[in-house]
Colleague: 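What follows is a single structure, and I will ask about it in a moment.
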Amino acid sequence: MLMFLASVLDQMDLALEHIGKGGIHDARFGLMLTDNAVELVLHQIAKDQQARFKAYPFLAEKYQHTRELEEAMGRSFEAKLRFARIEGQVSDEQARTIAIMHTFRNELYHLGLQYETIVQDLSLFYFSTACGFLAGFKIRGFSYMWGIELPERSQKYFTRRGDYSPAEIDDFPKACRILDAACDHKKSTTIASLVDHMESVIRDCDICLDTIADGIYDNQRMTRDQATVECQAWPLAFTPEAREFAKKKGWQGKTTFEFVEWLRQNYPLKFTKDPIPGWRRQAKRLRSNGNPHTALANYQSFMTVTLPMRDSLMEAAGQVEAEIDRLIDASRGN
């Protein structure tokens with residue numbers, strides 16, 4: 001167990017070093033290291049419980065979460081996190097933030113550079129949250145081999161250097177608190193960073209909606225409410241969901257233009273009017289929030305719920321701008 005704890009501290013110390021450098025790629029690496037340390041401990045929670053039941057089979061007979069334990073011993077991060085909550089080793093607030101940050105970690109790793117304007121603040125927030133979670137880890141046993149050689153980075157966190165006791169059980173939670181203090185995470189900075197990014201996304205969408213509403217020719221101009229419906233109805237017309245909905249409603253039209261017009265009038269679109277004012281109100285409320293965990297959850301919810309609409313706005317605005325460029329080239333004889 002001591003070597004496991006030392007390895008976790010070794011990784012967290014390296015994560016803090018990279019986060020402290022302040023670069024985007026260092027922050028990404030630090031966030032990934034933090035997430036991996038969290039997952040290792042989540043797995044250890046399940047592993048310890050499984051070992052306990054193997055040693056005392058009679059305890060397993062009355063255990064009510066056998067299925068959850070089996071799932072936690074697999075590869076699913078969500079299952080490990082869910083089991084840690086069952087065991088009372090992670091709070092609901094911590095679990096929610098860890099789940100969101102694990103999603104960010106996967107996007108950073110698999111999709112390349114994402115959230116570059118906020119990744120530094122996200123990595124600090126996750127590191128601090130992870131330190132709080134790790135400090136509460138219930139260590140079941142404190143075994144170690146004779147002559148154990150602890151990872152170099154971890155050695156500074158273990159207080160005993162005697163021949164018979166290379167460390168004490170309280171060294172691990174104490175080290176986590178030291179690391180948390182060293183990262184110097186500021187709640188207000190995290191919240192401000194999330195809101196700033198949210199507002200920049202809203203500004204981009206605002207510009208796109210203006211572009212769509214202005215159109216290409218004077219006779220194509222529409223209100224922003226109309227443009228909001230328009231940029232949803234057209235891509236929707238080519239989806240199986242829309243066709244199935246129309247079939248159930250008995251639509252009898254033939255052309256795509258007729259279908260789009262029918263969808264405008266009948267389909268339960270997510271947004272039926274200009275969403276920007278409502279989005280700005282959400283950002284304003286978020287800025288007044290004093291809890292970074294709640295702010296992160298609200299930010300993530302906004303980004304998820306609005307993604308299809310934001311994509312539609314970007315695509316429709318891009319098509320309008322492409323047509324404008326084509327007309328400009330044509331007028332120049334290109």
Side-chain angles (χ1 to χ4, degrees), residues 1-16 32-102 105-106 126-151 153-160 164-180:
M1 176 58 74
L2 176 56
M3 182 57 78
F4 170 77
L5 298 174
S7 297
V8 171
L9 291 179
D10 191 67
Q11 190 159 307
M12 289 292 286
D13 188 81
L14 180 60
L16 182 59
M32 293 175 193
L33 285 168
T34 301
D35 187 69
N36 184 249
V38 167
E39 186 165 6
L40 288 173
V41 174
L42 288 173
H43 184 76
Q44 189 65 40
I45 291 171
K47 188 177 177 180
D48 286 346
Q49 187 66 291
Q50 185 185 63
R52 181 167 172 258
F53 288 151
K54 286 183 178 180
Y56 306 102
F58 67 92
L59 294 176
E61 295 175 2
K62 297 181 179 180
Y63 191 64
Q64 299 179 354
H65 302 289
T66 302
R67 179 177 61 83
E68 289 86 351
L69 174 56
E70 292 176 354
E71 291 174 349
M73 289 300 297
R75 300 178 64 87
S76 170
F77 184 91
E78 291 74 17
K80 298 179 193 299
L81 184 58
R82 183 166 55 249
F83 184 74
R85 291 177 69 183
I86 291 172
E87 290 295 299
Q89 296 211 43
V90 60
S91 70
D92 289 345
E93 186 174 73
Q94 287 173 332
R96 182 176 63 184
T97 292
I98 288 170
I100 294 172
M101 288 298 189
H102 182 70
R105 179 265 180 197
N106 286 338
Y126 193 15
F127 187 88
S128 179
T129 301
C131 286
F133 160 62
L134 297 176
F137 172 52
K138 297 176 183 177
I139 302 172
R140 300 185 185 275
F142 197 63
S143 60
Y144 50 87
M145 300 294 293
W146 175 263
I148 186 174
E149 292 187 13
L150 301 178
R153 286 177 175 273
S154 71
Q155 292 177 14
K156 58 189 172 185
Y157 298 107
F158 293 106
T159 57
R160 299 290 293 275
Y164 302 102
S165 181
E168 294 180 328
I169 196 169
D170 291 338
D171 287 346
F172 182 75
K174 181 180 178 182
C176 294
R177 291 190 290 270
I178 291 172
L179 285 165
D180 191 11

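Residues take their numbers from the sequence shown, with the count starting at 1.
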Colleague: Before giving the answer on side chain to side chain contact (heavy atoms under 4.5 Å, CB included), spell out for Tyr126 and Ile100 the whole-Å C-alpha distance, their side-chain angles and the decisive distance to 0.1 Å.
Modeller: CA-CA 10 Å; Tyr126 193 15; Ile100 294 172; over 6 Å; no

Colleague: Search all heavy atoms of Ala95 against all heavy atoms of Leu81 and return the closest pair with its distance.
Modeller: O-CD2, 3.4 Å

Colleague: Could you pull out the closest heavy-atom pair between Phe158 and Ala6, with the gap in Å?
Modeller: CE1-CB, 3.8 Å

Colleague: Check Gln89 against Lys138 and note the closest heavy-atom contact, atom names and distance.
Modeller: OE1-N, 3.0 Å

Colleague: Would you tabulate the side-chain donor-acceptor contacts of residues 50-61 under 3.5 Å, counting partners in other chains and residues two or more places apart, or write 'none'?
Modeller:
| from | atom 1 | to | atom 2 | distance (Å) |
| --- | --- | --- | --- | --- |
| Arg52 | NH1 | Gln49 | OE1 | 3.1 |

Colleague: Nearest 0.5 Å, please: how far is OG in Ser91 from CD1 in Ile98?
Modeller: 8.0 Å

Colleague: Which pair of heavy atoms, one from Ala37 and one from Leu134, lies closest together, and at what distance?
Modeller: O-CD2, 4.4 Å

Colleague: Can you see which heavy atom on Phe137 is nearest to which on Leu5, and at what distance?
Modeller: CE2-CD2, 3.9 Å

Colleague: Measure the CD1-CE distance between Ile139 and Met1 for me, rounded to the nearest 0.5 Å.
Modeller: 7.0 Å

Colleague: Which donor-acceptor pairs under 3.5 Å do the side chains of residues 64-74 make with protein atoms, sequence neighbours left out?
Modeller:
| from | atom 1 | to | atom 2 | distance (Å) |
| --- | --- | --- | --- | --- |
| Arg67 | NH1 | Glu71 | OE2 | 3.0 |
| Glu71 | OE1 | Arg82 | NH2 | 3.2 |

Colleague: To the nearest 0.5 angstrom, please state how far the CG atom of Leu9 sits from the CZ atom of Phe172.
Modeller: 5.0 Å

Colleague: Taking only residues at least two apart or on different chains, which pairs with a member in residues 5-15 satisfy side chain to side chain donor-acceptor pair (under 3.5 Å)?
Modeller: Gln11-Asn36, Asp13-Arg153, Asp13-Lys156, Asp13-Tyr157

Colleague: As an exercise, state the distance from CZ of Arg177 to CG of Leu179, rounded to the nearest 0.5 Å.
Modeller: 11.0 Å

Colleague: Name all residues meeting the side chain to side chain donor-acceptor pair (under 3.5 Å) criterion together with Thr97; count only those two or more places apart in sequence or in a different chain, and write none if there are none.
Modeller: His293

Colleague: Is any side-chain heavy atom of Met12 closer than 4.5 Å to one of Leu33?
Modeller: no

Colleague: May I ask you to test the Phe4-Leu2 pair for a side-chain heavy-atom distance under 4.5 Å?
Modeller: no

Colleague: Who passes side-chain contact (heavy atoms from CB on, under 4.5 Å) against Ala84, sequence neighbours left out?
Modeller: Leu42, Ile45, Val90

Colleague: Mind checking what makes ring pair (Phe, Tyr, Trp, His ring centres under 6.0 Å) contact with Phe77, not counting sequence neighbours?
Modeller: His102

Colleague: Heavy atoms, side chains only, cut-off 4.5 Å: are Pro151 and Met3 in contact?
Modeller: yes

Colleague: Quick one: pull up CD in Gln44 and CZ in Arg140 and give me the separation to the nearest 0.5 Å.
Modeller: 10.5 Å

Colleague: Could you tell me the separation between the CG atom of Asp92 and the CZ atom of Arg85, rounded to the nearest 0.5 Å?
Modeller: 4.5 Å

